[in-house]
Amino acid sequence: MASEDRNPSPPPIEVLDNDDDIEILQADLIEGTAFSKKWTLATLLKLGKEVEKEKEGKDEKEAAEANAHGIDISEDLENDLCRLWDMSTNMLVSKYLEEWKTVDILLDVIVKSNAPRVVEIAMGILGNMACSPPIALNFSENKQLRDLVLATLGSSDARTLIETTRLITTCLSMQASQELWLSAISIGEKEVFDKLCFILQSSTNCDLLHATSNLVDTVLDVDEEILNDWATTTLIQAVTEAHKQVIKEKPEVVSMLLHILNILSTTDTGVETLVETTESILPLVIGYISSVCEQDDVMSVRGREHSISSAVSVLDVLANTSPPNLDAVLKHNPKTLPHLLCILAAAKDTSPGPSEPKKMMIEQPTLPKNGQDSSSSPSDIASASQSDKKTEVSQHAPGGDEASQDSSVAEVSQNATVAEVSKDASVADVTQDASATKVTQNAPVEVDDSDDEEIECVAVVTKESNFLTDVLMEFFCNLLENHDAGTSDLISCINSCKKEHLDMLKQSLTETNPELLQVLDTKPSG
């Protein structure tokens, strides 16, 4: 492509002949950027004309075929649209686009175009613009936009669906716009629910499963009424099918799926559904717990505390609701309880003592490369706990389970840019918050400046390990309290664990629930 077709960088000031040239140049720049207003508007005009031309000269049959199978666009137009998409990660460019009614143009494109790539880019630009809270609120107050975006969840194009779910999740992550979207989802609840479950059940695109899981997780976490309505076997089946697809190719999505199950366990309706589908859920939950351990030793729980807690919370519901389910847990994998005790020992080992906190090295968070998803959990968006049992998980922390809400929103815009980012389309402004992702909330950080190339953050980490320890101890206490020697081999299974782990459990019970110690000494029947 000829250089003059690109969105040009401004010439150096010294090559300009006079003040008039400088004024003309500056007048063409979007305020605060080096991007051309003329080029931006020309590209939007070119897009509108291309969409209008799609049906020109086509009879009814040809138009129907184009609508069913989609059409391609020229390489030049696609490249220009990708540059505009990249540019929209700059909030000043997004503000300019909104001022020039770009939203109306893009909505018209989404409705009329038969080119999947055009619809994807249009939705992606809207998603980037929505990362600005004022723009997100304006979007959310636009009923036409909300209805069209939710309707697009029925698209057959995976990349369009990724951008659609990202846009909805971004708006849901902002308090000011959240209620408007929840209201729209509630109005078309059955239709939206069916579309999301269909994607989870049938898609083989792991990036789409990631984005859809993040959206479902976000909706369930912020609206209890929808949570009760969606707590069905259909959703459980969709989650388990998605798990089969992502477990090897995109294991970070497993954390989101576990959190969805954990949220369901916080309502009576959800508990009933989980128990009803025990046979389907056990492979997911126990499989994850087993993956944390290797040769009966925990490799590391750091960064996975919330995911493990989600799995344990769901397992607690399954194992302690009725004795037959406890038997099912033990029979599915006899090593499950030894593994959990091993994880408990590891969590306690990484927790600081009463007098002096332990310190550990945390990797400096890095931004995901353009076009790649960052995991966890889009999210993914900080989860607000709705009950004592609910695990607090944010799904979009790169390199870990937890991130601040601001950073997750910034990362969403970063992940959106599927096309390669041109050097002219700088994303520095958008990703500034994401690059400062918090390793732990309110944790003092010491920076070692001895090596400029490898910066290590030393953080005092207590909250996550203590939380995981509490969840595990609650699980074991519930097991022992509900123990019936005539219906399970629970005691034999626990007593077969490593002596140091068993001693650790007894010591913890001595401190918290000494009355349960005698249960461990009970001889199983038969």
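Basis for what follows: all heavy atoms, side chains included, without hydrogens, waters or symmetry-related copies. Note that the structure is predicted; figures quoted are calculated from it, not measured. All residue numbers in this chain count up from 1 along the given sequence.
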J.: Check the pair Val314, Leu258 against side chain to side chain contact (heavy atoms under 4.5 Å, CB included), reporting the backbone distance first and the verdict last.
T.: CA-CA 8 Å; Val314 174; Leu258 286 170; 5.8 Å; no

J.: Give the intermediate values and the outcome of side chain to side chain contact (heavy atoms under 4.5 Å, CB included) for residues Gln245 and Lys248.
T.: CA-CA 7 Å; Gln245 186 65 39; Lys248 292 183 179 179; over 6 Å; no

J.: Please find the pair of heavy atoms, one from Glu120 and one from Glu163, that lie closest to each other, and give the distance.
T.: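 The answer is O-CG, 3.7 Å.
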
J.: When rounded to the nearest 0.5 angstrom, what is the spacing between CG in Leu337 and CD1 in Ile494?
T.: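 The distance works out to 6.0 Å.
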
J.: Given Leu215, which of Leu220, Thr169, Val192 fulfils the side-chain contact (heavy atoms from CB on, under 4.5 Å) condition?
T.: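 One option only clears the test, and that one is Thr169.
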
J.: Do Ser290 and Asn333 come within less than 4.5 Å of each other through their side chains, counting heavy atoms only?
T.: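 SC-SC contact between Ser290 and Asn333 confirmed.
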
J.: In terms of heavy-atom contacts, does CD of Glu279 have more than 12 from other residues, nucleotides or ligands at under 6.0 Å?
T.: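 No.
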
J.: Using modelled atom types only, decide if a donor and an acceptor are shared between the side chain of Asp221 and the backbone of Asp217 within a distance under 3.5 Å.
T.: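 The answer is no, because no donor-acceptor pair under 3.5 Å joins these two groups.
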
J.: Kindly determine whether His210 and Ile162 satisfy side chain to side chain contact (heavy atoms under 4.5 Å, CB included), including the steps that lead there.
T.: CA-CA 9 Å; His210 189 172; Ile162 291 172; over 6 Å; no

J.: Around Glu225, counting heavy atoms of other residues, nucleotides and ligands shown, do more than 12 lie under 6.0 Å from its CD?
T.: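 Open: at most 12 neighbouring heavy atoms sit under 6.0 Å from CD of Glu225.
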
J.: For the CG atom of Leu274 and the CG atom of Asn262, what is their distance to the nearest 0.5 Å?
T.: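 Going from CG on Leu274 over to CG on Asn262, the span is 9.5 Å.
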
J.: Side chains of Leu153 and Thr165: does their closest heavy-atom pair fall under 4.5 Å?
T.: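 When only atoms from C-beta onward are counted, Thr165 and Leu153 do touch, with a gap below 4.5 Å.
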
J.: For Glu272, what residues pass the side-chain hydrogen bond (donor to acceptor under 3.5 Å, both in side chains) criterion, not counting sequence neighbours?
T.: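 So Glu272 forms no side-chain hydrogen bond (donor to acceptor under 3.5 Å, both in side chains) with any residue.
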
J.: Can you tell if the side chain of Ile247 reaches within under 4.5 Å of the side chain of Tyr288, non-hydrogen atoms only?
T.: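 No, side chains not in contact.
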
J.: Donor-acceptor pair, distance only, cut-off 3.5 Å: does the side chain of Ser183 make one with the backbone of Leu180?
T.: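 No, the answer is negative, given that no donor and acceptor are paired below the 3.5 Å cut-off.
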
J.: Verify side chain to side chain contact (heavy atoms under 4.5 Å, CB included) between Ile343 and Val312, making sure each step is shown before the conclusion.
T.: CA-CA 11 Å; Ile343 294 171; Val312 175; over 6 Å; no

J.: Specify the closest pair of heavy atoms between Ser186 and Ile226, including all atoms of both residues, with the distance to one decimal.
T.: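 Residues Ser186 and Ile226, closest heavy atoms: OG-CD1, 3.6 Å.
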
J.: Is there a donor-acceptor pair under 3.5 Å between the side chain of Asn205 and the backbone N or O of Asp207?
T.: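 A pair under 3.5 Å: yes.
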
J.: Judged by atom type as modelled, is there a donor-acceptor pair below 3.5 Å linking the side chain of Thr273 to the main-chain atoms of Ala231?
T.: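 Checking the backbone N and O of Ala231 against the side chain of Thr273, a donor-acceptor pair under 3.5 Å is found.
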
J.: Is there any side-chain hydrogen bond (donor to acceptor under 3.5 Å, both in side chains) pair reaching into residues 235-244, and which pairs are they, with sequence neighbours excluded?
T.: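 Sorted pair list: Glu241-Lys244.
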
J.: Ignoring hydrogens and angles, tell me if any N or O in the side chain of Asp223 forms a donor-acceptor pair with the backbone of Val219 under 3.5 Å.
T.: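 Looks like no, no N/O pair under 3.5 Å.
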
J.: Roughly how far, to the nearest 0.5 Å, is the CG atom of Leu208 from the NZ atom of Lys250?
T.: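 Atom-to-atom, Lys250:NZ and Leu208:CG are 11.0 Å apart.
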
J.: Closer than 3.5 angstrom, by distance alone: can the side chain of Arg166 be matched with the main-chain N or O of Ala211 as a donor-acceptor pair?
T.: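 Not a single qualifying donor-acceptor pair exists.
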
J.: Between Leu479 and Asn320, is any pair of side-chain heavy atoms under 4.5 Å apart?
T.: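 With C-beta onward as the side chain, the pair touches.
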
J.: Roughly how far apart are Glu276 CD and Ile281 CD1, rounded to 0.5 Å?
T.: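 Nearest 0.5 Å value for the CD-CD1 distance: 10.0 Å.
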
J.: Could you measure the distance from the OG1 atom of Thr267 to the CG atom of Leu227? Nearest 0.5 Å is fine.
T.: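 Answer rounded to 0.5 Å: 4.5 Å.
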
J.: Can you see which heavy atom on Val149 is nearest to which on Leu167, and at what distance?
T.: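 Minimum heavy-atom contact is CG2-CD2, 3.7 Å.
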
J.: Look at the side chain of Ser132 and the backbone N and O of Met129, then say whether any donor-acceptor pair between them is shorter than 3.5 Å.
T.: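 Such a contact is absent between Ser132 side chain and Met129 backbone.
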
J.: Measure the shortest side-chain to side-chain distance between Leu340 and His501 over non-hydrogen atoms and say whether it is less than 4.5 angstrom.
T.: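 The answer is no, as the side chains (C-beta and beyond) never meet within the 4.5 Å cut-off.
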
J.: Do Arg117 and Asp157 meet the salt-bridge criterion of a basic N to acidic O distance under 4.0 Å?
T.: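 Salt bridge between Asp157 and Arg117, a charged N being under 4.0 Å from a carboxylate O: no.
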
J.: Within the 4.5 Å heavy-atom criterion, are Leu257 and Leu209 side-chain neighbours or not?
T.: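 They are not in contact (no side-chain heavy atoms under 4.5 Å apart), so the answer is no.
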
J.: Which pair of heavy atoms, one from Met174 and one from Cys131, lies closest together, and at what distance?
T.: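 Closest pair (atom of Met174, atom of Cys131, distance): CE-O, 3.7 Å.
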
J.: With a 4.0 Å cut-off, would you call Glu191 and Lys195 a salt bridge?
T.: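 Salt bridge flag = yes for Lys195 with Glu191.
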
J.: Between Asn513 (side chain only) and Leu509 (backbone N and O only), is there a donor and an acceptor less than 3.5 Å apart?
T.: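 The answer is no, because no donor-acceptor pair under 3.5 Å joins these two groups.
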
J.: Taking the side chain as every heavy atom from C-beta outward, state whether Leu261 and Ser313 have any atom pair closer than 4.5 Å.
T.: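 They are not in side-chain contact.
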
J.: Does the side chain of Ile236 reach to within under 4.5 Å of the side chain of Leu264, using non-hydrogen atoms?
T.: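 Answer yes - side chains close enough.
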
J.: Quick one: closest heavy-atom pair of Asp229 and Glu189, and the distance?
T.: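 That would be CB-OE2, 2.7 Å.
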
J.: Using modelled atom types only, decide if a donor and an acceptor are shared between the side chain of Glu305 and the backbone of Gly303 within a distance under 3.5 Å.
T.: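 Yes; at least one donor-acceptor contact below 3.5 Å.
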
J.: If you take all heavy atoms of Arg146 and Trp181, which pair is closest and at what distance?
T.: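 For Arg146 and Trp181, the tightest heavy-atom pair comes out as CA-CH2, 3.7 Å.
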
J.: Between Ser177 (side chain) and Cys171 (backbone), is there a donor-acceptor pair under 3.5 Å?
T.: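 The answer is yes, because a donor-acceptor pair under 3.5 Å joins these two groups.
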
J.: Can you measure from CD1 (Ile135) to CG (Leu126) and round to the nearest 0.5 angstrom?
T.: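 With rounding to 0.5 Å, CD1 (Ile135) is 10.5 Å from CG (Leu126).
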
